[in-house]
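Down below is the structure, laid out as structure tokens.
The model shown is predicted, which means the values in this text are computed figures rather than measured ones.
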Amino acid sequence: MELKNVLLEKNNHIATVTINRPKALNALNSETLRDLNEVLENLENDSDVYVVILTGAGGKSFVAGADITEMKDLNTIEGREFSQLGNKVFRRLENLEKPVIAAIPGFALGGGCELALSCDIRIASEKAKFAQPEVGLGITPGFGGTQRLARLVGTGIAKEMIYTARIVKADEALRIGLVNKVVEVDKLMEEAMNMASLIASQAPIAVKLSKAAINRGIQCDIDTAVMYEAEAFGACFSTLDQKEGMIAFVEKRDKSFQNK
């Protein structure tokens, strides 16, 4: 796997994916999106990875947005294709069976905010800043921002952020539910790794099925959603990990899950 703009490391059932264009504040061009897509394909096929951490290199930025240098000369068809590429990759990230934690050190603007929204959990440093500034550039959000932001923080706040293009600092992002946690800059990766390790210590199949039930259920009516949950719940009883988890509980001993 030859990647120019994305780094991939794996250790103890945790994969760390780093957008690596620090000179461009990790802006997303087509090449970077394709690199990320290749990494996601690798992670989909690696049963030894239970949790993913996604971050940006350089300390200043998670992802500062889509690459304006590439976008500025696009026509209508090319613009639509660029949006479709970003949405395809971000949906693949969102649908990844393994939980994804976004570790956000700094700027998460435009496509960077949209990338964070595609993750399951967002941990921000106290210096992180979020925005959907596209209308100030004469465009709309194009990588899911008009859809995921409203689902996460509500339509009123999402419309305000998108219509005004204003920057939201980390403390406000926590207050409105855009991020799960805010930590000191030098504690960011430690906090993300601690959370990833805690998730990885649970039964991997149960975590995977929980993610699927949440993601599917949130899109439909409650009656259909609880049917999805019942299916996921029932499926767990076909696993060795369910037997191990419950027997260990009854026997008051440490559990040892095998992802089976």
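When every heavy atom of Ala192 is checked against every heavy atom of Ala103, the shortest pair comes out as CB-CB, 4.0 Å. Listed here is the closest heavy atom pair of Cys113 and Ala108: CB-O, 3.3 Å. In terms of heavy-atom proximity, Ala124 sits nearest to Ala128 at CB-CB, 3.8 Å. Nearest heavy atoms, Gly145 versus Gln132: CA-OE1, 4.3 Å. In plain terms, the two heavy atoms of Gly59 and Pro105 that are nearest each other are O-CB, 3.7 Å. Here the shortest heavy-atom pairing between Ala102 and Cys119 reads CB-SG, 3.7 Å.
Expressed to the nearest 0.5 Å, how far CG of Leu96 lies from CG of Leu43 amounts to 6.0 Å. Taking CG of Leu25 as the start and CG of Leu109 as the end, the distance is 8.5 Å to the nearest 0.5 Å. Note that NZ of Lys129 is 10.0 Å distant from NZ of Lys127, once rounded to the nearest 0.5 Å. The line from CG of Asn11 to CE of Met193 is 7.5 Å long, rounded to the nearest 0.5 Å. With rounding to the nearest 0.5 Å, the separation of CG in Asn12 from CG in Asp48 is 9.5 Å. Annotation: the span from Arg151 atom CZ to Thr146 atom OG1 amounts to 8.5 Å, rounded to 0.5 Å.
Under a 3.5 Å cut-off, the side chain of Asn42 and the backbone N or O of Glu38 do not form any donor-acceptor pair. No donor-acceptor distance shorter than 3.5 angstrom exists from the side chain of Thr224 to the backbone of Cys220, with no hydrogens or angles considered. Under the 3.5 Å distance criterion, the side-chain polar atoms of Asn95 are matched with a main-chain donor or acceptor of Arg91.
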For Lys4 and Asp35, run side-chain contact (heavy atoms from CB on, under 4.5 Å): C-alpha distance rounded to whole Å, both residues' side-chain angles, the deciding distance at 0.1 Å, then the answer. CA-CA 7 Å; Lys4 282 191 65 177; Asp35 278 359; 3.9 Å; yes
Can you list the steps and then say if Lys72 with Leu137 is a side-chain contact (heavy atoms from CB on, under 4.5 Å)? CA-CA 9 Å; Lys72 64 182 179 60; Leu137 298 169; over 6 Å; no
For Leu85 and Ser30: C-alpha separation, side-chain torsions, deciding distance, then whether side-chain contact (heavy atoms from CB on, under 4.5 Å) applies. CA-CA 8 Å; Leu85 172 61; Ser30 297; 4.2 Å; yes
Residue pair Leu36, Val17: steps toward the side-chain contact (heavy atoms from CB on, under 4.5 Å) verdict: CA-CA 9 Å; Leu36 181 56; Val17 178; 4.1 Å; yes
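The side-chain heavy atoms of Leu209 and Phe233, taken from C-beta on, include no pair separated by under 4.5 Å. The closest side-chain heavy-atom distance from Leu117 to Leu178 is below 4.5 Å. Ile19 is not listed as a side-chain neighbour of Thr55, based on a closest heavy-atom distance of 4.5 Å or more. Taking 4.5 Å as the limit, every side-chain heavy atom of Glu94 sits out of range of all side-chain heavy atoms of Asp120. When side chains are defined from C-beta on, Val100 counts as touching Leu93, because their heavy atoms get closer than 4.5 Å. Within the 4.5 Å cutoff, the side chain of Glu97 has no heavy atoms near those of the Lys211 side chain. Contact annotation: the side chain of Phe82 approaches that of Phe143 to within less than 4.5 Å [non-hydrogen atoms, C-beta and beyond]. For the pair Leu54 and Leu115, the minimum side-chain heavy-atom distance is below 4.5 Å.
The existence of a salt bridge linking Asp46 and Lys10 is confirmed by a sub-4.0 Å separation between a basic side-chain nitrogen and an acidic carboxylate oxygen. The existence of a salt bridge linking Arg175 and Glu172 is confirmed by a sub-4.0 Å separation between a basic side-chain nitrogen and an acidic carboxylate oxygen. Salt bridge absent: Arg148 and Glu114 never bring a charged side-chain N and a carboxylate O closer than 4.0 Å. A salt bridge does not link Arg34 to Glu31: none of the charged nitrogens lies less than 4.0 Å from a carboxylate oxygen.
Applying the side-chain hydrogen bond (donor to acceptor under 3.5 Å, both in side chains) test to pairs two or more places apart or on separate chains, those with a residue in residues 233-246 are Glu244-Arg253.
When Asn29, Asn26, Thr18, Leu28 are each tested for a side-chain contact (heavy atoms from CB on, under 4.5 Å) with Asn5, only one passes: Asn29. Residue Arg122 is tested with Leu174, Ile101, Leu152, Val182 for a side-chain contact (heavy atoms from CB on, under 4.5 Å); the sole match is Leu152.
Criterion: ILVMFWY side-chain heavy atoms under 4.5 Å apart, direct or through other members. Under it, Val179 and Ile167 are not part of a common hydrophobic cluster. Ile121 and Val207 fall within the same hydrophobic cluster, where Ile, Leu, Val, Met, Phe, Trp and Tyr residues are linked whenever their side-chain heavy atoms come under 4.5 Å apart, directly or through other members. Residues Val6 and Ile53 are members of separate hydrophobic clusters, defined by side-chain heavy-atom contacts under 4.5 angstrom among Ile, Leu, Val, Met, Phe, Trp and Tyr. Leu198 and Val51 fall into different hydrophobic clusters, where Ile, Leu, Val, Met, Phe, Trp and Tyr residues are linked whenever their side-chain heavy atoms come under 4.5 Å apart, directly or through other members. Note: the hydrophobic cluster containing Ile14 does not contain Leu40 (ILVMFWY, side chain heavy atoms under 4.5 Å, direct or indirect links).
Atom CZ of Phe249 has 12 or fewer heavy atoms from other residues, nucleotides or ligands within 6.0 Å.
The aromatic ring centroids of Phe257 and Tyr50 lie 6.0 Å or more from each other.
For Glu44, the side-chain hydrogen bond (donor to acceptor under 3.5 Å, both in side chains) partners at least two apart in sequence or on another chain are Arg92. The side-chain contact (heavy atoms from CB on, under 4.5 Å) check on Glu184 picks up Glu126, Asp186, Lys187, with sequence neighbours excluded.
Asn194 and Ser197 share no side-chain donor-acceptor pair at under 3.5 Å. Remark: the Asn259 side chain and the Lys208 side chain contain no N/O donor-acceptor pair separated by less than 3.5 Å.
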